[in-house]
Q: 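Attaching a single structure in C-alpha cells format; questions to follow.
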Amino acid sequence: MAEYALENKALIKLFIAFLVIGGLWSFYSMSKMEDPEITVKQALVMTVYPGATAHQVELEVSDKLEKAIRQMGDIDYIESKSLNDLSLIKVVLKTTVPNGELEQKWDILRKKIVDVHTQLPTGASVPMVLDDFSAVYGMFYTLTADGFSDSDMIRYTNFIQRELINIEGIRNVQIYGTATPCINVNIDSKEMARLGISPIEILMTLQDQNRTVYSGFFNSGDERMKVMVPGNFRDLEDIRNLVLKGHDGNTFTLGNIADIEEDYEKPQRNKMKYDGKRAYGIAIAMESGYDILKIGKTVTEKIEELENGLPSGFKFNKVFYQPERVSDAIDTFIVNLIESVLIVIVILMLTMGFRSGVIIGTGLVITVLGSFVVLYFFDGTLQRVSLGAFIVAMGMLVDNAIVVVDGILVDSARGMKKPQSLVHTANITARPLLGATLIAIIAFMPVSLSPDMAGEYARDLFIVLAVSLFLSWILALVHVPIHSEHYLKIKTADDNTNIFNTPLYRKFRGVLTFLLHHKAGTIIGIVLLLIVSVCCFSFLPQTFFPDLTYNQIYMEYKMPEGTRIEKVEKDLEEIERYLKTNPAITHVTTSLGGTPARYNLVRSVADPSLRYGELIIDFKSHKDIDNCMQDLQEYMNRHYPDAFIRLKKYNTMYMEFPIEILVSGPDPGVLKELRNKIQDIMREEPSAMLITDNWDDPVINMDINFNQHNARRAGLGKTDIGLSLLSVTEGIPVGSLYDGSILKNIYLKNIGYNSLEDVTVNSMLPNITAVTEEESIQRMLMDPERKQLLIDRLTSGRPVKEISDSISFEWKDPVAYRYNGQRAVIVQCNNAYGFTAEDTRLALEKKINERIDFPDGYSMKWLGEYKASTDSNKYLFRSLPIAVIFMFAVLVFLFRDFKKPLIIFLCLPLAYIGIVMGIFVSGKPFSFVAVVGALGLIGMMIKNGVQVSQVLK
C-alpha cells in the first residue's frame, strides 16, 4: 500500500483533500444532539373507572388487563398502579426485542386490549395505549405575560404553537400549565324549589338543546339539500336564553334562575411559574436526523420574531436549551482535539523530533475529519457519546502513525535510502498493525452487542472507534510515507551505527536487563501488586453512571395523597422565596401537578398528581451546586417534614431511585409490615437518606351509606345520588361550546348547600310509585291543589340524610401496586452525601439479611441502580467471550502459533493494577463508563503486545 501511495501521490493527496474538506462539511452538516437517540421499549395502558376505589380498580380492571397483556410475549416485566378511578399499567419489553419490531409489538398489545375490553365493568373507559416515550423536548421555554389574563395567554400560546410546529425539523410542540376554560351554570336549590323545577330537567334540556342531530337530506327538484336543525350553543348568551318550561306551563330562561359565568376548571391539573410569575410552558421536540444547533437557531429567530409581534408584557424565558449544551460540548471537543494535537507534537518533538510530531499530529486531524465523512454517510450523529468516543480514541489514533514514522527514522539512521526507507516499515508492519487495530476495535465490541438501554446509549462508542481506528491504519500506510518524503528530515548513517546507544535507551536497557536477571523477584512483585489491586478493588467507590455537570438541578416535592394542590403551591412559593435569597441561584421554574415535559433524556418524569410539584433551579455554575446542595436538602427536610422533598442532579441512571427494594407477596398487611421493618433499618443506616416507598399511607374517604329501602320507596337509586352529589362537588358536565378554537366545557352546579347531608337527591325518572299507592291517590282526590301535589309526588327529591343511614369516614389505601401480576411494594431511598449507592445497598443488605425473616410466599429483590448496573454489566460481559475469541483468533492468524497469543493474554490481568491505581488517584467512582474504558485498555495492551512481539521476531 505504501508503494502504491508513493507511485500515485496525486490520488492520495486527492483522497486526503476529500477527507479534510468532506470532514469539515460533514461536521457542519451532521445531526447534532445532546444524547444519542434511545428507543424506549415500554408502553402505558391507561383506563379510567370513575367512582371505583383503588381495590376495585385492581380487581375489576388491572387484573384482567394484566392477564391479557402477558399473552403477547417478549415482556420483561409489567407494573400496575391501581388508583382511585384510574388504572395505570406499564408494559416493559425485553431489551432483546429488535427496534424494527416495536410497532408490531404495540399493535399486538392493542389487539389484546381490545379483546379484553368487553370483560371490563360497566363505566370503565376504553383502555388507552401510549407508546411514544422517546421524544425529547430539548428546547423548553416559559412564556410570561404581565397584565394579561389566562384567556389571553391561551389564545397567544395556541398561536405560538401553530407557528413553531410549522418549522422544518420540528417534531412536536407541547404547551404545559394552561388553565382549562369552562362555563359554570350555577343553580340555586332554593330558587329551583320555589319554581318547582329539578336539576335533572335543566340537565336534560341543556343536553338536548346542545345536541347535534342528523335530519337527513331533502330532495327539491334536481337539488339535494341537507336539512339542518341549528341551535347549538355559540356563546354565554345562548345558554342564558335557554328556554325552560315550568310545571304550571309558564316558560322562563335559564338566565332567570341560574348564574352563568365563564371560569376555569378547578382544581387546575397543572400550572407553571417562572421566578414567581404566572407562566405557560412551551416544549419543542426536534425530528430525528436534524441538527439541533441549526434548528435551535431557527427556533430562536422565530421566537424573537414572535416576541416582537406580541403585546408588550409577553416574554419568553429559557428553562432548558439543548442547543447551548451541544454547542458547549462541541467547543470542548474542538479544544480537546487541538490540545491532543499539541500534546502529540510536544511529546514527539522531545522523543522523535518536531517534524515527526507535525506529521503524526496532522494525521490525527485528518483521521478525525475522515471519520466524520464515514459517519455522515451512515447517518451518524454528533452527541455526548460519539464526541466522547473521539476523545477516548485520541491516544490510540496516533499509534499506527508513530510506528511507521519511527520505522522510517530507524531505517534511515541505519543507512537505508529513499524510497526504500519510506516503505520498508509500512510493508513489514502493515499486517501486524491491521491485526492490532482490529483487536483494539474488537475490545469495544461487547458495548455494541449489549441489547439493554445502557448498551444502546453507548453504542456509538464502538462505531466511532471502529471507523476512526481503521482509518488511522490506512492513513499511517499512505499519508505518512508521502508526508515524510517531503517534510521529514532524514539523517542517514553507516550500517554499523547503533542508533539505540543514547542515554535514554541505555537507562531503559539497564532497567530491563536488571528485571530479566531477577525474574523470580520481578514476577513475585508483579503478582503481589496484582493481589493487592484485586483486594483493593472492593474499596473503590462504585456507581452506575456519574452525574452530569449541568448548572441546573431539579427538586421533587410530594405531599401525602389527598393533599390539595393549593397547599403544594403555597409551599413551593415559600421554598422559591427562600432559594432566591441564595446569590448562587439565578432562576427558579415551578411546575405544579407533574413534570412539564421530557426536556432531557436522562431526567426522571413524575406521574401526574395534584399532590406533586417540582422546581427547576438554575445556578451560576455547577460548582455552586456542589457547595449548596447538601445544605439545601437539609433545610427542606427540617422545614417541610410532612412532604417528601428531593434535590436531584441529572444522571444517566434511568431508575427512579438509586436504592430500591421490591417486596412481593399476596397480603397487603404483611407487605406493609415488611416495608416498615425495612424502612426502620434504612432510618438507622447513616449512609441512607430520603426514605420512602411507592405505596401511600391510607387516606380518609367520605362514605354515603346508602339505605336501599328508603331510597327505593322514594324512587331513587345510586346513580341519582351520585349525580346529585356531583352537581354540588365538581359539577355535572352537560356539553361544550367552541369559542373559536378553544373548547369550553359546560358544568351544571347546584349551589346553596353547606353540608352534603342536606343535598336534595332528584330522580332521573318520574317517581311513578309515589302516585300509584292507594294512600297517595286518596290524598290527591281530596286535595284541591291536586295538580301541584301530583307534580310534587312525581318530581320532588329527598335529602341525602333521608335515604342514607349515615355519612361515615373511612381510611383506605389510595393505591394498589403489582409487579408481574403479584402485589408488591417498592421501598426506596437515596444514598447519603459522601456515599455511593452501592455502599448504601451493601450496608442495608447485610442488616436486612440479619434482622428480617420473610414468610413463605414473600420475597425481596433489589431494583434501582443495582438492577440497572447488574443488567448492563451482564449483557456487556455476555458478549465478552465472543470478543475474546475473535481477538485470540486474530493473534493466532498474525503469529501462526499459540505461544505468543498466550503470553499476551497472560499479561491482561495486569491491567487490574493500572485500573485500581488510576481510580484511587483520580478519586472517581468505578462506573459503567469505567468498565468500557477497561475494555479499551485491554485492547490497547494486546495491541502493544502485538507490536512488541513483532519487533522481537
Side-chain angles (χ1 to χ4, degrees), residues 48 128 137 140-167 170 172-186 203 206-213 228 230-242 254-255 258-274 277-285 302-303 305-307 309-316 565 591-594 596-597 608 610 730-749:
V48 179
M128 184 188 311
Y137 293 81
F140 180 33
Y141 294 81
T142 57
L143 178 68
T144 55
D146 294 336
F148 289 87
S149 66
D150 277 304
S151 177
D152 296 325
M153 292 186 71
I154 291 171
R155 295 183 186 280
Y156 282 114
T157 50
N158 287 344
F159 165 72
I160 292 168
Q161 185 181 33
R162 289 195 302 270
E163 291 295 309
L164 293 176
I165 199 70
N166 289 326
I167 297 175
I170 296 300
N172 194 18
V173 178
Q174 284 187 352
I175 306 298
Y176 186 86
T178 57
T180 305
C182 67
I183 296 173
N184 293 329
V185 179
N186 301 313
L203 170 66
L206 278 167
Q207 290 179 335
D208 179 73
Q209 181 63 30
N210 203 39
R211 182 178 293 116
T212 300
V213 296
M228 300 290 295
N232 294 53
F233 300 138
R234 296 186 301 267
D235 51 37
L236 247 60
E237 285 304 310
D238 286 347
I239 300 175
R240 290 192 179 101
N241 294 332
L242 177 70
L254 183 59
D259 180 18
I260 302 168
E261 62 178 5
E262 290 192 77
D263 199 0
Y264 297 94
E265 293 186 9
K266 295 182 177 62
Q268 187 172 335
R269 292 288 171 179
N270 49 68
K271 191 174 182 180
M272 286 204 74
K273 294 181 180 180
Y274 184 80
K277 296 180 180 179
R278 181 79 173 92
Y280 281 13
I282 302 173
I284 307 167
K302 187 65 178 180
I303 282 179
E305 176 188 332
L306 291 170
E307 188 170 6
L310 293 175
S312 177
F314 279 87
K315 184 180 179 181
F316 288 90
I565 197 170
S591 173
L592 295 167
L610 293 176
E730 296 182 3
I732 304 173
V734 295
S736 58
L737 65 81
Y738 277 92
D739 183 3
S741 61
I742 301 175
L743 176 68
K744 298 181 179 180
N745 291 320
I746 305 171
Y747 293 95
L748 181 64
K749 294 189 174 183

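Just so you know, these numbers come straight off a predicted model, no measurement behind them.
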Q: Is there a side chain to side chain contact (heavy atoms under 4.5 Å, CB included) between Thr180 and Gln268? Walk through the geometry before answering.
A: CA-CA 7 Å; Thr180 305; Gln268 187 172 335; over 6 Å; no
Q: Could you walk me through whether Asn232 and Thr212 satisfy the side chain to side chain contact (heavy atoms under 4.5 Å, CB included) test, starting with their C-alpha distance in whole Å, then the side-chain angles of each, then the deciding distance to 0.1 Å, before giving a yes or no?
A: CA-CA 7 Å; Asn232 294 53; Thr212 300; 3.1 Å; yes
Q: Counting heavy atoms not belonging to Glu730, are there more than 12 under 6.0 Å from its CD?
A: no
Q: Can you check whether Leu164 reaches Lys302 side chain to side chain, under 4.5 Å on heavy atoms?
A: yes
Q: Do you know which two heavy atoms are closest between Val173 and Gln161, and how far apart they sit?
A: O-NE2, 2.7 Å
Q: Establish, from distance only, whether the side-chain atoms of Asn270 and Ser591 form a donor-acceptor pair under 3.5 Å.
A: no
Q: Is there a side-chain contact between Lys744 and Pro181 (heavy atoms, below 4.5 Å)?
A: yes
Q: Run Ile282 and Thr142 through side chain to side chain contact (heavy atoms under 4.5 Å, CB included) and show every step you take.
A: CA-CA 6 Å; Ile282 302 173; Thr142 57; over 6 Å; no
Q: Are Tyr156 and Leu310 packed together at the side-chain level, in the sense that at least one heavy-atom pair is separated by less than 4.5 angstrom?
A: yes
Q: Please report the shortest heavy-atom distance between Arg278 and Asp150, naming the atom on each side.
A: NH2-OD1, 3.3 Å
Q: Measure the shortest side-chain to side-chain distance between Tyr137 and Ile284 over non-hydrogen atoms and say whether it is less than 4.5 angstrom.
A: no
Q: Determine the minimum heavy-atom distance between Gly593 and Ile565, stating which atoms define it.
A: N-CD1, 4.4 Å
Q: Does a salt bridge link Arg234 with Asp739, judged by any charged N lying under 4.0 Å from a carboxylate O?
A: no
Q: What's the separation between atom CG in Asp146 and atom NZ in Lys277, rounded to the nearest 0.5 Å?
A: 4.5 Å
Q: Between Asp263 and Ile183, is any pair of side-chain heavy atoms under 4.5 Å apart?
A: no
Q: Between Lys315 and Glu307 (salt bridge meaning N to carboxylate O under 4.0 Å), is one present in this structure?
A: no
Q: With rounding to the nearest 0.5 angstrom, report the CD1 to CD1 distance, Ile170 to Ile165.
A: 7.5 Å
Q: So which heavy atom on Glu163 is nearest to which on Leu306, and how close?
A: CG-CD2, 3.9 Å
Q: Can you give me the closest heavy-atom contact between Gly231 and Gln209, atom names plus distance?
A: O-NE2, 3.1 Å
Q: Quick check: do Phe233 and Asn241 have side-chain heavy atoms less than 4.5 Å from each other?
A: no
Q: Under 3.5 Å, side chain of Asn210 to main-chain N/O of Gly735, donor-acceptor pair present?
A: no
Q: Where do Gly731 and Tyr747 come nearest, in terms of heavy atoms and distance?
A: O-CD2, 3.8 Å
Q: Drop me the distance from Lys749's NZ to Asn184's CG, to the nearest 0.5 angstrom.
A: 4.0 Å
Q: In Å, rounded to the nearest 0.5 Å, how long is the span from CE of Met153 to OG1 of Thr178?
A: 10.0 Å
Q: Fit a plane to each ring of Tyr141 and Phe316, take the angle between them on a 0 to 90° scale, and name the class: parallel (under 30°), tilted (30 to 60°) or perpendicular (over 60°).
A: perpendicular
Q: If you round to the nearest 0.5 Å, how far is CZ of Phe314 from OG1 of Thr144?
A: 9.0 Å
Q: Is any side-chain heavy atom of Pro596 closer than 4.5 Å to a side-chain heavy atom of Met272?
A: yes
Q: Kindly determine whether Leu254 and Arg240 satisfy side chain to side chain contact (heavy atoms under 4.5 Å, CB included), including the steps that lead there.
A: CA-CA 5 Å; Leu254 183 59; Arg240 290 192 179 101; over 6 Å; no
Q: Report the distance from atom SG of Cys182 to atom CD of Glu262, rounding to the nearest 0.5 Å.
A: 9.0 Å
Q: Any heavy-atom pair between the side chains of Ile239 and Leu737 that's under 4.5 Å?
A: yes
